[in-house]
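I have placed the structure first, in the form of structure tokens, so that the comments after it can refer back to it.
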Amino acid sequence: MKKTGILALCLAAALCLGALSACSSGNTQGDGAPPSASSPAPSGADSPAADSAKVYYMTTNFEESWWDPALFMQINDVSLAPMIYETLVELQTDGTVAPQLAESWDISDGGLTYTFNLRKGVQWHKGYGEFTSADVKFTLERQTDPAVASVNADNLNIANIAAIECPDEYTVVFKLKAADVDLLTRMSLYYSIIVCKAHSDKDGVASINSDPIGTGPFVYDGGTLGIKTEAVRNTEWWGDFTGNVDRVVSTFMSDTNTIYMAFDKGELHSTGLYDKDKIKEYEDKGYPVVNVPLLQLLYVGVNMQLEPFDNPVVREAFFNAIDVQYFLDNLYYGTESAVGSYVPPSSKYALTDYFKFNYDPERSKQLLAEAGYPDGVEVTLWGASDALGQPPAILTQDQLGKAGFKVNLQCVDFGVFIDQVRNGTAQMWVLYNTTGAIADDTINRYTSKSYPGSNWCGVTDAEYDALVEAGLNAKTEQEKYDSFYAAQRRLMDLQVIYPISTFSVGEVMQKNVSGYKSYGDLGFRLQTVTIG
Amino acid sequence: MSRLLLAVPAMLGVFVVVFFVIRMLPGDSAEAMLGASATDAQIETYRAAHGLDKPAPVQFWIALKNLFRGDLGDSLSHYRPVLSVVLERLPSTIELAAYGIVLGSVFAVILGVVAASFRGRWPDLIITAYSTFGMSLPTFYIGLWILMVFAVKLDVIPVSASAVEGLPRWKTLFGPVLTIVVGGSLVRTTRSAILEILEEDFIRTARAKGVPKALILFRHALGNALIPIITMVGYGLAVSFGGAIVLETVFGRSGVGKLLIDAITVRDYPLVQGTTFVIALFMIVANLLTDVAAGFADPRIRVAGAGEL
């Protein structure tokens, strides 16, 4: 018994350690990447990196999953992507576009022909040759390939491009079916990131998703998405590299407390924070903070096809029941300022000054009585049960409760939440909604043709439909502004979406980091950043 | 051998149950993946591209055929084979589970033996209080405190082992393994098992014959208390494969536990199936190891098992 008992313990230990050594030999983090003893570890202001290569350590708090830009839902889907990839033109913070891979362009034929003159001598990473017009044609045409499963064909308005012609290696011509006043902006966003045709031809189309090849200031240098990815400075980059970062390491960390501790200890050079109190704490300590307004907006929506919100008087009561300032004062997460429409102000075509909130709970109760609910009305409010969804849902319940609404709050898993709202069974919900840099998607979703479906509010209004249609077919930018502004006023008058606040992230940096520059597409880039 | 054969229908059962249960959850993979801002056209494109527009029985038949070819399908959220995504994260989970279980078990057994041998006196009280404290605290809380003390205050380890390069392995594992050790329940199991054995007649006889106390404790008492200890260790090993989510979150490790939770959140059906399949496989292996170890600890189990055959 005694010998066999000890033998049993030894066996168990040996089996465990055997499995261990088989799985993790030569791998410090167990992430598939060999440890680099020569790489300097970060320690913030006193980084040893000061003596050798400058390594920038950053983090992402959501699971990164793919490299193929055709699958991106936003520019920062992969934290290193904005530094690896480039587009034809670059979106500036004022909404204008500047040359990037295209040095210049001409618009002719009444806005139906766009001719881009491409930059010469731009080299693809890792020796895939020179960037040419064939790459542009390949990038856009693959968006319609079912095998690519691109989710961005609509954003690109690809159906409106009749032909893409390449008269020579440095010229590409888009022939449009109808004028598209936002084509240049579309060419500056994540869904028109140019990918390398030679890479796809040589290594197969799937290689775009596993080994990103771009023309940007940093070259992908290995790692695993969702764990850790790395990139090194592109010494052949065509642009003006004014910073001193030689290498960038992006690590996935999901716990905010861990991120705070890692930043405090100097293991990270920067991190994006949403917690307003924490951001202020860092500001007070003298850390540089760059406020980045996101394309998100917190709103409370109702479905006007369902009782009691099919009654305009109840909707008016709802609009009197919410105090925006209460949210701004009590939500610590990302909320910034009141907004004037259901389109966030950082999005093109946002109406910023129409809606003025008017908090009057007594008036709300009166209106409910007029609508036949003298003792108040029962409604179910849906929210996501995550850190972003639950707090505003609770505040909304509290607000509505003071104004005659008896709110049954349902905070559920995000997938369940989306399903409830999308299938048209949710009376009311609260959500941080994301709009594209061009507001077409959000404005278009409330048209009759999107109900049922993405038109969660059940808006079937002929006037709104006509205004949106006019905006989408506008021949000039001003026409589009006029139509889209009118459409937003119309929807706000229907009182189905109560916009509460913008949403922003505070990019907090170590004190020895300088030179950070904001970009119109909200991409995080390091070519201008200096450490030390 | 029979246990190994029984594992085949068990694994198949796991696959079938998970396939249908995950699809019974409210919510839709395309909606959850693409988010609130997705347009109808984007959702339709996504569904068609991933075969989600096909009826569930058709999807099941395709998945089953793929399984028998050793293919767990493609992840909807990673656009890559499920197996490659799981295998990327598996080493981290195995490493954590193995070190945690081995070191945690050794530490807990020593404490349990000491507590039992000083029953009712101050070492026992301290160890019992420590054990109760460790079991009562949530794992994430213990983890954060360990980070606060050892990473921030004492600067012995990094906060995020995966962010810092060139570290010795012990530094990458110190925090999560210590969390397992502190939070382990094996101390109480060991103490109870040994106390029970110490009441047996053969222990009294050994004492009467003047056998040294240490020999009684570690040879006679511990040897006979090994069955419940091994069972608990095996259980801990099995649970650690699927339950490492908290440790992975706090210590910034990307393992199978976090992968599974993320896959459920976005309704990545093939990845949920693949991850649970691999976790189930490890649970079966852990149970087999437990049985084999228990057989070595008590030959009567082996004899009984052989008799059943």
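Residue numbers begin at 1 in each chain, while the letters A, B, ... track the order of the sequences.
Heavy atoms closer than 4.5 Å to chain B are found in both the backbone and the side chain of A:Ile418. Looking at B:Thr249, the atoms closer than 4.5 Å to chain A (heavy atoms on both sides) sit in the backbone and in the side chain alike. Interface remark: A:Trp456 contributes side-chain atoms only to the contact with chain B (heavy atom separation under 4.5 Å). Both the backbone and the side chain of B:Asp40 come within less than 4.5 Å of a heavy atom in chain A. At a 4.5 Å heavy-atom cutoff, the contact between A:Leu225 and chain B is made by backbone atoms alone. No part of A:Asp386 comes within reach of chain B, as not one of its non-hydrogen atoms sits under 4.5 angstrom from that chain. Proximity to chain A is limited to the side chain of B:Ile43, based on heavy atoms less than 4.5 angstrom apart. Only the side chain of A:Asn433 has a heavy atom closer than 4.5 Å to any heavy atom of chain B. Looking at B:Lys258, the atoms closer than 4.5 Å to chain A (heavy atoms on both sides) all sit in the side chain, from C-beta outward. Contact of A:Phe252 with chain B is made through backbone and side chain together, with heavy-atom distances under 4.5 Å.
Note that CE of A:Met261 is 10.5 Å distant from NZ of B:Lys153, once rounded to the nearest 0.5 Å. Note that the CG atom of A:Asn257 and the CG atom of B:Leu147 stand 9.5 Å from one another [nearest 0.5 Å]. In this structure, A:Ser210 OG and B:His78 NE2 are separated by 14.5 Å, a value rounded to the nearest 0.5 Å. The CG atom of A:Asp419 sits 8.5 Å away from the CZ atom of B:Arg267 when rounded to the nearest 0.5 Å.
The closest side-chain heavy-atom distance from A:Met253 to B:Val159 is not below 4.5 Å.
Contact count versus chain B (heavy atoms, under 4.5 Å) is highest, among A:Thr442, A:Val416, A:Leu431, for A:Val416. Ranked by heavy-atom pairs shorter than 4.5 Å toward chain B, the options A:Glu64, A:Arg445, A:Met58, A:Gln420 are led by A:Arg445. If you tally non-hydrogen atom pairs under 4.5 Å between each of B:Lys171, B:His50, B:Arg80, B:Gln42 and chain A, the highest count goes to B:Gln42. Counting heavy-atom pairs under 4.5 Å between each of A:Ser254, A:Ala153, A:Ser250 and chain B puts A:Ser254 at the top. Comparing B:Ala41, B:Ser77, B:Ser75, B:Ala32 by heavy-atom pairs within less than 4.5 Å of chain A, the highest count is held by B:Ser77.
Between the A:Thr258 side chain and the B:Val250 main chain, a donor and an acceptor come within less than 3.5 Å of each other. In this structure a side-chain-to-backbone donor-acceptor pair under 3.5 Å is missing from B:Glu31 to A:Gly415.
Around the CZ atom of B:Phe202, the shell of radius 6.0 Å holds more than 12 heavy atoms that belong to other residues, nucleotides or ligands.
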Is there a side-chain contact (heavy atoms from CB on, under 4.5 Å) between A:Leu71 and B:Tyr79 once you walk through the steps? CA-CA 9 Å; A:Leu71 309 173; B:Tyr79 284 80; 3.5 Å; yes
